[in-house]
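Hydrogens, waters and symmetry mates play no part in the numbers below; they use all other heavy atoms, side chains included. The first residue of the sequence shown is numbered 1, and numbering continues consecutively from there.
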Amino acid sequence: MTRFLTVTCTAVALAAGAFWLSSSNPNLPNPLVGAATAQETEVDTSTITEMVQGAEDAPVTLIEYASFTCPHCASFHAGPYKQLKEEYIDTGKVKFIFREVYFDRYGLWASMVARCAGPEKFFGMTDLIMKGQQTWARAGGPAEIVEELRKIGRLAGLENDQLEACLQDGEKAQTLVAWYQENAEEDDVQATPSFVLNGEPVENQPYADLKALIEAELAE
């Protein structure tokens, strides 16, 4: 298969601890303790749940690498993803794996909210967060952005205490970042959305072209 990698929402170089800006505002998630040495500490990433849709034994596996703050990712989920789900995921032809990419702390916070209700509600939460991206990601400063994410969580049925526990879970945040870094290195993720189709990277492209690549895999 021809190898492609698209440049859409490009990666920002992240120094260790760049996500965690100190703040005395009690309404914001706390900075990670020891975040400055996170890259030097061995983290057990096996505790992170892969978010999967479709049949486990589907003949095609498609991995999407996406950032919740990436407009191109929101566009993909508003259109092509829905077609992909209807035609291939729900019919047992494609196993779809969604992996978050953290280019900024806001994307990490959004991921922590999306994961807060567990795997059963993750994709529904993801739809809400992607659909509302233009609102919450542009709400203002960190306090305003995290409050908009809380609103999405409450809209999805999460209680305030549950949301705060998720957002304040520094160990989980550190583990998610380490997990993302492992995945990004393994699959050479430089931008979002990026895809891996049966082990081979493919570009973000019109749905018709992606469909043709999937059909070619199914025909083998």
Beyond-backbone contact of [X] with [Y], side-chain heavy atoms, under 4.5 angstrom:
X    : Y    : result
T175 : T47  : yes
C70  : P193 : yes
E148 : I152 : no
C166 : K172 : no
M130 : C73  : yes
Q174 : V43  : yes
D187 : R99  : yes
W136 : Y106 : yes

Does a side chain donor of either Q190 or D188 reach within less than 3.5 Å of an acceptor in the other side chain?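 Checked: Q190/D188 side chains pair up, N/O donor to acceptor below 3.5 Å.
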
Which heavy atom in [X] sits nearest to a heavy atom in [Y], and how many Å separate them?
X    : Y    : value
A114 : T126 : CB-OG1, 4.4 Å
P59  : G92  : CD-O, 3.7 Å
L108 : A173 : CD2-CB, 4.1 Å
L149 : A110 : CD1-N, 3.8 Å
G140 : I145 : O-CD1, 3.6 Å
P142 : R105 : CG-NH2, 3.0 Å

Do other residues, nucleotides or ligands put more than 12 heavy atoms under 6.0 Å from the CG atom of D44?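 Check passes, neighbour count above 12.
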
Mark yes when over 12 heavy atoms from residues, nucleotides or ligands other than E50 sit less than 6.0 Å from its CD; otherwise mark no.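 Buried by this count: over 12 neighbours within 6.0 Å.
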
Would you check if the side chain of [X] reaches a backbone N or O of [Y] as a donor-acceptor pair within less than 3.5 Å?
X    : Y    : result
S111 : G107 : no
E186 : A184 : no
E144 : G141 : yes
Q133 : F68  : yes

Under the criterion side chain to side chain donor-acceptor pair (under 3.5 Å), I'd like the reasoning laid out for E185 against N183: C-alpha separation, chi angles, the key distance, then a yes or no. CA-CA 5 Å; E185 181 176 349; N183 290 332; over 6 Å; no

Return the [atom1] to [atom2] distance between [X] and [Y], rounded to the nearest 0.5 Å.
X    : Y    : atom1 : atom2 : value
E203 : L213 : CD    : CG    : 8.5 Å
L128 : K131 : CG    : NZ    : 6.5 Å
D127 : K121 : CG    : NZ    : 14.0 Å
L176 : M112 : CG    : CE    : 6.5 Å
T45  : W179 : OG1   : CH2   : 9.5 Å
L197 : E64  : CG    : CD    : 13.0 Å

Are the ring centres of [X] and [Y] closer than 6.0 Å?
X   : Y    : result
F96 : Y81  : yes
F98 : H77  : yes
F76 : F195 : yes

Check the pair R150, L167 against side-chain contact (heavy atoms from CB on, under 4.5 Å), reporting the backbone distance first and the verdict last. CA-CA 9 Å; R150 288 189 182 104; L167 284 167; 4.1 Å; yes

Should R115 and E100 be marked as a side-chain contact (heavy atoms from CB on, under 4.5 Å) after you check the CA-CA gap, both sets of side-chain angles, and the distance that decides it? CA-CA 11 Å; R115 287 175 170 267; E100 301 98 293; 2.6 Å; yes

Full working for side-chain contact (heavy atoms from CB on, under 4.5 Å) between V113 and M125: CA-CA 8 Å; V113 170; M125 293 284 287; 3.6 Å; yes

Pick one: which of L62, N198, V94 meets side-chain contact (heavy atoms from CB on, under 4.5 Å) with E217?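 Filter result, single survivor: N198.
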
Going by an N to O cut-off under 4.0 Å, is there a salt bridge joining [X] and [Y]?
X    : Y    : value
E147 : R154 : yes
K93  : E87  : no
D57  : K95  : no

Run the side-chain contact (heavy atoms from CB on, under 4.5 Å) check on D209 and V202 step by step: do they pass? CA-CA 10 Å; D209 296 336; V202 299; over 6 Å; no

